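From a predicted model like this one, the values you see are computed outputs, not experimental measurements. Hydrogens, waters and symmetry mates play no part in the numbers below; they use all other heavy atoms, side chains included.
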Amino acid sequence: MKEVKHLWRQNRCLTKYGKHLTMRIDDFQKPTRTHVLCSNWREWEQPIIWFQNATDAVAAQFFLKNVHSEMREAASDLFGRPEELHYRANVFGELMRILISPSRDVEWAVNWALNGGRDPDIALHMRMMMNRSVRARQAALDCVRKSIYNLQMTTKPKVVLVSDTPSMVKDIAPSLEEFAEVIHFDYEHFEGNISGNTNKLNNLKNFRAKDWGPAPRWVAFVDFFLAARAKHAVISGAHRRVGTTYAQLIAALAAAYRIDENASNQSSITFLSSFQSNLLSEGLKNQIGWGHVWNRYAGPLSCERQPNQCALTPVVPPAWWDGLWQSPIPRDAQRMEAYGIKLSGFGTFDESHLNRFCRVRKIPVVVIQLI
């Protein structure tokens, strides 16, 4: 924003052309204040639009069901057809590849973990929330073995291990080392101090430790860019919910890194979800969470009492219920009703109901003047 303001003044947009720099705010998480489904954003005059609280891959995909055909077509150009999950562009991975990069210190830590060696073949992310589930560990090991078998590698594969739970790293690493070279960023032995503020880190040591783990927050950035160096596969395992936003973004960035239009031997990334059988005893009903990749499969159509699964996973998680076996949970159906979408048990909805909803509602327009 600072750069935009600088360019606005430098080009005398206000003094020469009489154009104020304004920003329109649309709050996605507040159904009564968002225009995501009912307005044609292409007609808005404000040069900047802040799509507030669009914190995962779902919000932007709401435009796929916008009542205006121009908006639906623009969204389809970005996200493809919502029912064809494995044939859609890696939108967020390509955006990250252009917009973000590790700082010099983070890059140094990543290279320290690699110890001068080649990039990993597979990244395994275990979201355990301080749990030491034996079933989750065994399912993840089976999924790694399956991935290695499918790759038909002639050399010993290299696996980078990332987890919010240090004890899981210690538990699973010996078994992985039986058939793969294992690397892990051990921040306790890393001599650098990326945060530069030790006192502040000590104060935050126990903040959300069960959710995020006991490691300093900067470690997650190192783990992220280290795991995104994977050349062939990213595997997500968990104690409860598989395919979290963190794992999704690792897979998306890894896939974007692997694309080189000038390379003849470029490899593609496979994103896999490792499910232990107890997570599937009641189907996917517990895979809740608005931005989680399996949330749209958590409804009554999900199959119960399945064995361990190593499931092929879309890099861009679905926001709608158009695909095969997708169905909403009651909580999501109720939430969607506030946006004007009345979902059936199969995930379909009446477009005429949405059109009527949009015609009668009055939404305030929030615009702030920056210059």
For a quick test of your reading: what N or O donor-acceptor pairs under 3.5 Å do the side chains of residues 291-300 make, sequence neighbours left out?
{"unit_1": "Trp294", "atom_1": "NE1", "unit_2": "Ser273", "atom_2": "OG", "d": "2.8"}
{"unit_1": "Asn295", "atom_1": "ND2", "unit_2": "Asp332", "atom_2": "OD2", "d": "3.2"}
{"unit_1": "Arg296", "atom_1": "NE", "unit_2": "Ala319", "atom_2": "O", "d": "3.1"}
{"unit_1": "Arg296", "atom_1": "NH1", "unit_2": "Trp290", "atom_2": "O", "d": "3.3"}
{"unit_1": "Arg296", "atom_1": "NH2", "unit_2": "Ala319", "atom_2": "O", "d": "3.0"}
{"unit_1": "Tyr297", "atom_1": "OH", "unit_2": "Gln326", "atom_2": "NE2", "d": "3.4"}

Quick note, ring-ring contact (aromatic ring centres under 6.0 Å, His included) partners involving residues 352-371, not counting sequence neighbours, are none
Residues passing the side chain to side chain contact (heavy atoms under 4.5 Å, CB included) test with Ser302, sequence neighbours excluded, are Leu284
In short, Val169 meets Ser163 closest at the heavy-atom pair CG2-CB, 3.9 Å
Side chain to side chain donor-acceptor pair (under 3.5 Å) filter on Thr22, not counting sequence neighbours, yields none
Go through the steps to decide whether Tyr17 and Trp8 satisfy the test ring-ring contact (aromatic ring centres under 6.0 Å, His included), and finish with yes or no. CA-CA 11 Å; Tyr17 301 102; Trp8 202 268; 9.6 Å; no
Donor-acceptor list for residues 91-104 side chains, cut-off 3.5 Å, not counting sequence neighbours:
{"unit_1": "Glu94", "atom_1": "OE1", "unit_2": "Arg97", "atom_2": "NE", "d": "3.2"}
{"unit_1": "Glu94", "atom_1": "OE1", "unit_2": "Arg97", "atom_2": "NH2", "d": "3.0"}
{"unit_1": "Ser103", "atom_1": "OG", "unit_2": "Val106", "atom_2": "N", "d": "3.2"}

Query raised in the report: For atom CZ of Arg135, is the number of surrounding heavy atoms from other residues, nucleotides or ligands below 6.0 Å larger than 12?
Result: no
Using the ring centroid of each side chain, check whether Phe79 and Phe63 are separated by less than 6.0 Å. no
| said: Taking CZ in Arg72 as the centre, count heavy atoms belonging to other residues, nucleotides or ligands within less than 6.0 Å. Is the count above 12? | reply: yes
Here the disulfide bond (SG atoms under 2.5 Å apart) pairs for residues 76-118, sequence neighbours left out, are none
Practice problem: Examine Trp321 together with Phe349 and report whether their ring centres are nearer than 6.0 Å. | Solution: no
Applied to residues 355-371, the salt bridge (Lys or Arg N to Asp or Glu O under 4.0 Å) test, sequence neighbours excluded, yields none
| said: Would you say that Ile363 contacts Thr32 through its side chain, given a criterion of any heavy-atom pair below 4.5 Å between the two side chains? | reply: no
* **Ring-ring centroid check His35 Trp44, cutoff 6.0 Å** => yes
Point to revise | Within-4.5 Å side-chain heavy-atom neighbours: Thr55 and Gln29 | key: yes
So the side-chain hydrogen bond (donor to acceptor under 3.5 Å, both in side chains) pairs with at least one residue in residues 171-182 (sequence neighbours excluded) are Arg132-Asp171
Across all chains, not counting sequence neighbours, the side chain to side chain contact (heavy atoms under 4.5 Å, CB included) partners of Val162 are His125, Val160, Asp223, Ala227, Tyr246
Could you walk me through whether Phe271 and Ile250 satisfy the side chain to side chain contact (heavy atoms under 4.5 Å, CB included) test, starting with their C-alpha distance in whole Å, then the side-chain angles of each, then the deciding distance to 0.1 Å, before giving a yes or no?
CA-CA 10 Å; Phe271 186 25; Ile250 288 173; over 6 Å; no
* Heavy-atom check, side chain of Val219 versus side chain of Pro216, under 4.5 Å -> yes
Taking the ring centre of each residue, are Trp50 and Phe28 less than 6.0 Å apart? no
Residues pairing under salt bridge (Lys or Arg N to Asp or Glu O under 4.0 Å) where one sits in residues 14-42, two or more places apart or in two chains, turn out to be Asp27-Lys30, Arg42-Glu70
Residue pairs meeting salt bridge (Lys or Arg N to Asp or Glu O under 4.0 Å), one or both in residues 277-294, sequence neighbours left out, come to Glu282-Lys285
Residue pairs passing the salt bridge (Lys or Arg N to Asp or Glu O under 4.0 Å) test with at least one member in residues 239-254, sequence neighbours excluded, are none
(request) Output yes when a side-chain donor or acceptor of Asn115 lies under 3.5 Å from a complementary backbone atom of Gly117, and no otherwise. (result) no
Given the rule in the side chain to side chain contact (heavy atoms under 4.5 Å, CB included) test, do Cys303 and Gln306 qualify, once you have shown the distances and angles that lead to the verdict?
CA-CA 7 Å; Cys303 298; Gln306 295 292 303; 3.7 Å; yes
Pairwise side-chain contact, Arg127 with Met129, heavy-atom cut-off 4.5 Å (strictly under): yes
Answer whether the closest heavy-atom distance between the side chains of Ile25 and Val367 falls below 4.5 Å.
no
Test ring-ring contact (aromatic ring centres under 6.0 Å, His included), reference Phe185, set Phe225, Trp112, Phe221, Trp108, output is Trp112
